[in-house]
Amino acid sequence: MPFDLPRRSHVFVDESKAGSYYLAAAVIPPSGVTAARSAIKGLRHKGSSAVHFKSERDATRRSFLKGAASTGVKTVVYIVDGQPDKIARPLCLEALIHDLCQADAEHLVLEQDDSLAAADRRIIQAQVRLNGNTQLQYRHMRRTEEPLLWVGDAVAWCFQKGGSWRAEVEPLIGEVRRL
C-alpha cells in the first residue's frame with residue numbers, strides 16, 4: 001500500500017548516487033517538525049556538527065536509525081537504476097515534486113550541492129507550475145544547518161549499501177518508488 005503523505009508536509013531530501021540513484025525524502029507533518037528536529041539533533045556525537053552516514057561507525061549508524069525511527073519520521077525513497085546522475089536526479093525530483101504537490105506539501109529542503117542547486121531550482125519551478133501548486137516553498141541547506149536532512153542521508157546510504165542495512169532502515173520507510 002502506498003504511503004499517504006500528510007497534508008502540508010515538511011520534506012527533507014538527500015541522496016546517494018553510488019550504483020543506482022537513491023533520493024530519500026523524509027516526510028514530517030507540520031505539527032511534528034520541531035520535536036523531530038530536536039530528537040534527530042540529539043542523535044549526533046558530542047562535538048560533531050552533523051551526522052553523515054558514510055563517515056559514521058556501524059554502532060553509531062544503528063543507534064541513529066533506532067533513534068530516528070522512534071520519532072515517527074517516514075521516508076519515501078525514489079530509485080533510478082542504470083542511468084547517469086544527470087538523468088536520474090531530474091527523474092527523482094520530478095516524481096517527488098509531483099507527489100508533494102498532490103499532498104499540498106508546504107516546505108521542501110534539499111541538501112545543498114552548489115553544483116546542482118541551479119538545475120534543481122529549474123526542475124522544481126517547472127514541476128510546481130505544471131502541477132499548479134503555488135504554496136510549496138523550497139530551499140537548499142547544508143547538513144550542518146538542518147538536522148532533518150540526516151534522515152534522508154541515512155536512508156539513502158542504507159539503500160545503497162543493501163544487505164542487512166536495508167533491513168535495519170525498514171522502520172523509517174513509508175514507500176519505495178522505482179522510476
Side-chain angles (χ1 to χ4, degrees), residues 1-30 33 50-55 68 73-162 165-166 169-170 172-179:
M1 181 172 156
F3 173 66
D4 287 326
L5 277 87
R7 291 274 182 236
R8 299 177 36 235
S9 295
H10 293 222
V11 180
F12 302 85
V13 175
D14 200 358
E15 99 249 300
S16 178
K17 33 191 178 191
S20 297
Y21 192 93
Y22 303 94
L23 188 134
V27 179
I28 305 167
V33 171
V51 171
H52 194 213
F53 248 52
K54 76 175 187 179
S55 304
V73 171
K74 293 292 184 185
T75 57
V76 178
V77 182
Y78 299 83
I79 303 172
V80 173
D81 295 314
Q83 296 293 328
D85 296 353
K86 67 182 180 180
I87 293 173
R89 185 175 179 92
L91 288 172
C92 290
L93 281 177
E94 288 168 2
L96 170 66
I97 300 306
H98 173 79
D99 292 349
L100 298 184
C101 289
Q102 297 303 307
D104 296 323
E106 289 184 345
H107 296 280
L108 169 63
V109 178
L110 297 111
E111 186 181 10
Q112 178 77 37
D113 180 333
D114 294 334
S115 68
L116 300 172
D120 285 355
R121 281 192 294 276
R122 283 192 299 273
I123 291 165
I124 294 167
Q125 289 168 354
Q127 287 301 307
V128 165
R129 277 193 306 273
L130 181 68
N131 287 283
N133 181 318
T134 57
Q135 69 186 25
L136 180 64
Q137 298 174 19
Y138 62 92
R139 61 184 159 161
H140 289 83
M141 295 179 76
R142 301 204 185 283
R143 81 172 51 91
T144 55
E145 299 171 315
E146 178 51 77
L148 292 169
L149 289 168
W150 307 345
V151 177
D153 174 68
V155 171
W157 184 92
C158 287
F159 263 77
Q160 177 266 321
K161 279 297 185 191
W165 289 108
R166 177 61 182 84
V169 78
E170 189 61 34
L172 288 167
I173 305 305
E175 183 176 358
V176 176
R177 298 206 39 217
R178 289 194 176 272
L179 307 175

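Note that the coordinates shown come from a computational prediction; the quantities given were computed from them, not determined experimentally.
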Exercise. So do the side chains of L100 and S9 get within less than 4.5 Å of each other, counting heavy atoms only?
Worked result: no
Seminar exercise, completed: When every non-hydrogen atom of R7 is compared with those of A103, the smallest separation belongs to NH1-CA, 2.8 Å
For this session: Supply the atom-to-atom distance L172 CG to E170 CD, rounded to the nearest 0.5 angstrom.
Result: 9.0 Å
Seminar exercise, completed: Value for CD (Q112) from NE2 (H140), rounded to nearest 0.5 Å, stands at 6.0 Å
For this session: Considering non-hydrogen atoms only, spot the tightest contact between Q127 and C101 and give its length.
Result: O-SG, 4.5 Å
Exercise. Heavy atoms, side chains only, cut-off 4.5 Å: are D85 and L116 in contact?
Worked result: no
Problem set entry | Heavy-atom neighbours of R8 CZ exceed 12 at 6.0 Å | no
Problem set entry | Verdict with reasoning, V80 to I87, per side-chain contact (heavy atoms from CB on, under 4.5 Å) | CA-CA 9 Å; V80 173; I87 293 173; 5.9 Å; no
Exercise. Is there a side-chain contact between L93 and L110, using heavy atoms and a 4.5 Å cut-off?
Worked result: yes
Exercise. Mind checking whether T75 and V169 have side chains closer than 4.5 Å, heavy atoms only?
Worked result: no
Exercise. Are any non-hydrogen side-chain atoms of R166 and I173 less than 4.5 angstrom apart?
Worked result: yes
Exercise. How are the rings of W165 and W157 set relative to one another: parallel (under 30°), tilted (30 to 60°) or perpendicular (over 60°)?
Worked result: perpendicular
Exercise. Taking C-beta and beyond as the side chain, do D99 and R177 meet within less than 4.5 Å on heavy atoms?
Worked result: yes
For this session: Can you label the angle between the Y22 ring and the F159 ring as parallel, tilted or perpendicular, going by 30° and 60°?
Result: tilted
Seminar exercise, completed: Rounding to 0.5 Å, atoms OH (Y78) and CD (E175) come to a distance of 7.0 Å
Problem set entry | Spatial distance of atom CD (E94) from atom CG (N131) [nearest 0.5 Å] | 10.0 Å
Exercise. Roughly how far, to the nearest 0.5 Å, is SG of C92 from NZ of K17?
Worked result: 12.0 Å
Exercise. Can you find a pair of side-chain heavy atoms, one from I97 and one from L108, that are under 4.5 Å apart?
Worked result: yes
For this session: Output the distance between atom CG (D81) and atom CD1 (I79), rounded to the nearest 0.5 Å.
Result: 7.0 Å
Problem set entry | Sole candidate of R121, E106, Q125 that passes side-chain hydrogen bond (donor to acceptor under 3.5 Å, both in side chains) when paired with Y138 | Q125
Seminar exercise, completed: The residue among R139, R143, R142 that forms salt bridge (Lys or Arg N to Asp or Glu O under 4.0 Å) with E111 is R143
Exercise. Shortest non-hydrogen contact from D14 to G152?
Worked result: CB-C, 3.8 Å
Exercise. With a 4.5 Å limit on heavy-atom distance, are the side chains of V76 and L96 in contact?
Worked result: no
Problem set entry | Pairing of K74 and D4 as salt bridge, 4.0 angstrom limit | no
